[in-house]
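Chain identifiers are assigned alphabetically (A, B, ...) following the order of the sequence lines, protein sequences preceding nucleic acid strands; residue numbering begins at 1 within each chain. These numbers come from the heavy atoms of this one structure, side chains and all, not from hydrogens, waters or symmetry mates. Source: prediction; values computed, not measured.
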Amino acid sequence: EAQVTQNPRYLITVTGKKLTVTCSQNMNHEYMSWYRQDPGLGLRQIYYSMNVEVTDKGDVPEGYKVSRKEKRNFPLILESPSPNQTSLYFCASWRSGGTYEQYFGPGTRLTVT
Amino acid sequence: GNSVTQMEGPVTLSEEAFLTINCTYTATGYPSLFWYVQYPGEGLQLLLKATKADDKGSNKGFEATYRKETTSFHLEKGSVQVSDSAVYFCALTPKGGSEKLVFGKGTKLTVNP
């Protein structure tokens with residue numbers, strides 16, 4: 001089954017404790033991206049990757065890091081989480097060319113206290 | 001810049017009512033347009049899309065027509081069901097800009113029996 005998986009689905013942590021949210025896709029897509037969803041703001045892109053070892057900032061990259069060492073994986077790293085990073089996070093992937101239809105993971109709800 | 005404006009919700013309808021969710025966009029050139037749906041507790045999934053002017057996207061009884069003259073992509077359904085209760089997002093990918101989706105803020109739809 002074609003899918004994007006994220007782990008964990010729920011995470012409660014404290015300010016300053018480094019964390020990683022994993023994302024994996026099995027569709028051999030070139031592109032991957034992280035979004036955060038906040039009430040009244042819709043989805044905003046954090047980072048995206050066009051292929052292995054190629055990443056770039058989205059609209060709200062501050063406080064986040066990413067890496068793309070393998071085509072299927074695109075982890076999101078919060079090295080020193082703060083309460084304003086409490087949000088619902090989505091990973092997405094899509095292939096190059098065509099209409100750029102994106103496939104989304106189920107989401108990770110992060111709470112930073 | 002590129003942006004999407006959709007009607008604010010929440011929208012509450014009775015089963016079998018007619019649904020319209022307005023969406024207008026600002027973009028250079030000819031973007032691809034999408035409607036994504038987010039059911040409770042799930043990630044986003046593509047509902048329908050249109051890639052050029054006058055295209056009509058349709059799926060599950062939902063329709064939207066790409067209107068270049070009014071820069072609009074309104075979502076319609078003739079008879080909603082309780083199972084259509086979800087958050088609906090209008091989005092665009094800029095022409096030649098494959099790295100991101102630009103989302104509207106989302107419209108929450110509740111359908112009562």
Worksheet item: Other than Val52(A), which residues form its hydrophobic cluster under the rule that side-chain heavy atoms must be closer than 4.5 Å?
Response: none
Please tabulate, for side-chain N and O atoms in residues 35-42 of chain B, each donor-acceptor pair with protein atoms closer than 3.5 Å (sequence neighbours left out).
{"from": "Trp35(B)", "atom 1": "NE1", "to": "Phe73(B)", "atom 2": "O", "distance (Å)": "2.8"}
{"from": "Tyr36(B)", "atom 1": "OH", "to": "Gln102(A)", "atom 2": "N", "distance (Å)": "2.9"}
{"from": "Tyr36(B)", "atom 1": "OH", "to": "Gln102(A)", "atom 2": "O", "distance (Å)": "3.3"}
{"from": "Gln38(B)", "atom 1": "OE1", "to": "Gln37(A)", "atom 2": "NE2", "distance (Å)": "3.0"}
{"from": "Gln38(B)", "atom 1": "NE2", "to": "Gln37(A)", "atom 2": "OE1", "distance (Å)": "3.2"}
{"from": "Gln38(B)", "atom 1": "NE2", "to": "Glu42(B)", "atom 2": "O", "distance (Å)": "3.2"}

Worksheet item: What about Val11(B) and Tyr88(B), same hydrophobic cluster or not, with Ile/Leu/Val/Met/Phe/Trp/Tyr joined at side-chain heavy-atom distances under 4.5 Å?
Response: yes
Worksheet item: Cluster question for you: counting only ILVMFWY and a side-chain heavy-atom cut-off of under 4.5 Å, with indirect links fine, are Ile77(A) and Val60(A) together?
Response: no
Worksheet item: What part of Leu44(B) is in contact with chain A, defined as an atom under 4.5 angstrom from a non-hydrogen atom: side chain, backbone, both or neither?
Response: both
Discussion item. Please classify the contact of Arg9(A) with chain B as side chain, backbone, both or neither, using a heavy-atom distance under 4.5 Å.
Written reply: side chain
Worksheet item: Hey, is CD on Glu16(B) packed in by over 12 heavy atoms from elsewhere, all under 6.0 Å?
Response: no
Practice prompt. Verify the cluster assignment for Leu46(B) and Tyr103(A): are they in a single hydrophobic cluster under the rule of side-chain heavy atoms below 4.5 Å apart?
Written response: no
Atom pairs and distances, side-chain donor-acceptor, residues 41-49 of chain A, under 3.5 Å, sequence neighbours left out:
{"from": "Arg44(A)", "atom 1": "NH2", "to": "Asp38(A)", "atom 2": "OD2", "distance (Å)": "2.8"}
{"from": "Gln45(A)", "atom 1": "NE2", "to": "Ser33(A)", "atom 2": "OG", "distance (Å)": "3.0"}
{"from": "Gln45(A)", "atom 1": "NE2", "to": "Glu99(B)", "atom 2": "O", "distance (Å)": "2.9"}
{"from": "Tyr48(A)", "atom 1": "OH", "to": "Asp56(A)", "atom 2": "OD2", "distance (Å)": "3.4"}
{"from": "Ser49(A)", "atom 1": "OG", "to": "Asn51(A)", "atom 2": "N", "distance (Å)": "3.4"}
{"from": "Ser49(A)", "atom 1": "OG", "to": "Asn51(A)", "atom 2": "O", "distance (Å)": "2.9"}
{"from": "Ser49(A)", "atom 1": "OG", "to": "Val54(A)", "atom 2": "O", "distance (Å)": "2.7"}
{"from": "Ser49(A)", "atom 1": "OG", "to": "Arg68(A)", "atom 2": "NH1", "distance (Å)": "2.7"}

Worksheet, complete the sentence: Note: vs chain B, highest number of non-hydrogen pairs under 4.5 angstrom among Pro39(A), Cys91(A), Gly58(A), Gly40(A) is Gly40(A)
Worksheet item: Under 4.5 Å, heavy atom to heavy atom, which residues of residues 101-113 of chain B contact chain A?
Response: Leu101(B), Phe103(B), Gly104(B), Lys105(B)
